[in-house]
Enquirer: 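Structure provided below as structure tokens; questions to follow.
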Amino acid sequence: MGFKLSDQETVISYQHDTGEWRLYTNVRKHMTKWGELVENAHTYEENGRVISMEGTLPDIVVSMHKKREISEETRKAMGERLRAVKERAEDE
């Protein structure tokens, strides 16, 4: 059965004294995204299906940054540069 949408959550916490990032999630998308990166993973199953997991994350996996705001003009310029690089790579 799993969890209702309103009950799904992902919690990432940092323990300063051990330097560990701890993860708990019962969100399917997050289990798929971070599942292979979780160390000392403990999964919980229901009817043979994983419904939640917890464990530690390596320090290099966790980062927080401000969302980058890109204007439409800048987005188009970036797209053109990417297209040019791809075309050069195909010609080689």
Side-chain angles (χ1 to χ4, degrees):
M1 180 172 165
F3 293 89
K4 293 188 291 184
L5 249 99
S6 60
D7 293 332
Q8 292 183 9
E9 65 181 352
T10 296
V11 178
I12 300 174
S13 61
Y14 180 73
Q15 275 189 283
H16 186 66
D17 60 339
T18 63
E20 268 186 346
W21 288 95
R22 304 268 315 144
L23 168 82
Y24 167 80
T25 186
N26 57 14
V27 178
R28 169 86 28 218
K29 179 180 177 180
H30 297 164
M31 286 188 275
T32 301
K33 181 177 182 177
W34 293 316
E36 293 181 8
L37 302 171
V38 176
E39 298 171 345
N40 305 318
H42 298 290
T43 57
Y44 302 93
E45 296 182 8
E46 186 176 273
N47 299 325
R49 181 173 169 241
V50 176
I51 60 167
S52 67
M53 75 168 30
E54 64 180 300
T56 57
L57 290 169
D59 196 36
I60 58 170
V61 172
V62 180
S63 68
M64 293 174 235
H65 58 281
K66 183 178 177 181
K67 185 176 179 180
R68 184 176 173 190
E69 297 294 328
I70 302 173
S71 69
E72 191 59 35
E73 183 179 307
T74 303
R75 188 179 309 280
K76 285 180 182 178
M78 290 168 67
E80 289 170 11
R81 285 194 302 270
L82 180 60
R83 233 177 273 109
V85 168
K86 285 182 178 180
E87 288 172 4
R88 278 189 298 230
E90 289 173 358
D91 292 340
E92 294 177 354

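Since the structure is predicted, the reported quantities are computational estimates derived from the model, not experimental observations. Each residue takes its place number in the sequence, starting with 1.
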Enquirer: Strictly by salt bridge (charged side-chain N to carboxylate O under 4.0 Å, His left out), give each pair with a member in residues 24-35 just once, sequence neighbours left out.
Expert: none

Enquirer: Please list, chain by chain and in numerical order, all residues satisfying side-chain contact (heavy atoms from CB on, under 4.5 Å) with Tyr14, sequence neighbours excluded.
Expert: His16, Trp21

Enquirer: Mind checking what makes side-chain contact (heavy atoms from CB on, under 4.5 Å) contact with Ser71, not counting sequence neighbours?
Expert: Glu73, Thr74

Enquirer: Under 3.5 Å, which donor-acceptor pairs link side chains of residues 80-88 to any protein atom two or more places apart or in another chain?
Expert:
none

Enquirer: Among all residues two or more places apart in sequence or in another chain, which pass the side-chain contact (heavy atoms from CB on, under 4.5 Å) test with Glu9?
Expert: Val11, Tyr24, Asn26

Enquirer: So, taking the atom named OG in Ser52 and the one named NE2 in His30, what distance separates them when rounded to the nearest 0.5 Å?
Expert: 14.5 Å

Enquirer: So do Trp34 and Leu23 actually touch side chain to side chain, heavy atoms under 4.5 Å?
Expert: yes

Enquirer: Among all residues two or more places apart in sequence or in another chain, which pass the side-chain contact (heavy atoms from CB on, under 4.5 Å) test with Glu39?
Expert: Thr56, Pro58

Enquirer: When Ile, Leu, Val, Met, Phe, Trp and Tyr are grouped by side-chain heavy atoms lying under 4.5 Å apart, directly or through other members, which residues fall in the same group as Ile70?
Expert: Met78

Enquirer: State yes or no: do Ile12 and Leu37 share one hydrophobic cluster built from I, L, V, M, F, W and Y residues joined by side-chain heavy-atom distances below 4.5 Å, directly or via other members?
Expert: yes

Enquirer: Which residues pass the side chain to side chain donor-acceptor pair (under 3.5 Å) test with Glu54, not counting sequence neighbours?
Expert: Tyr44

Enquirer: So for atom CD, which belongs to Glu36, do other residues, nucleotides or ligands contribute more than 12 heavy atoms lying within a distance under 6.0 Å?
Expert: no

Enquirer: Under 4.5 Å between side-chain heavy atoms, counting indirect links through other Ile/Leu/Val/Met/Phe/Trp/Tyr residues: same cluster for Met53 and Leu57 or not?
Expert: yes

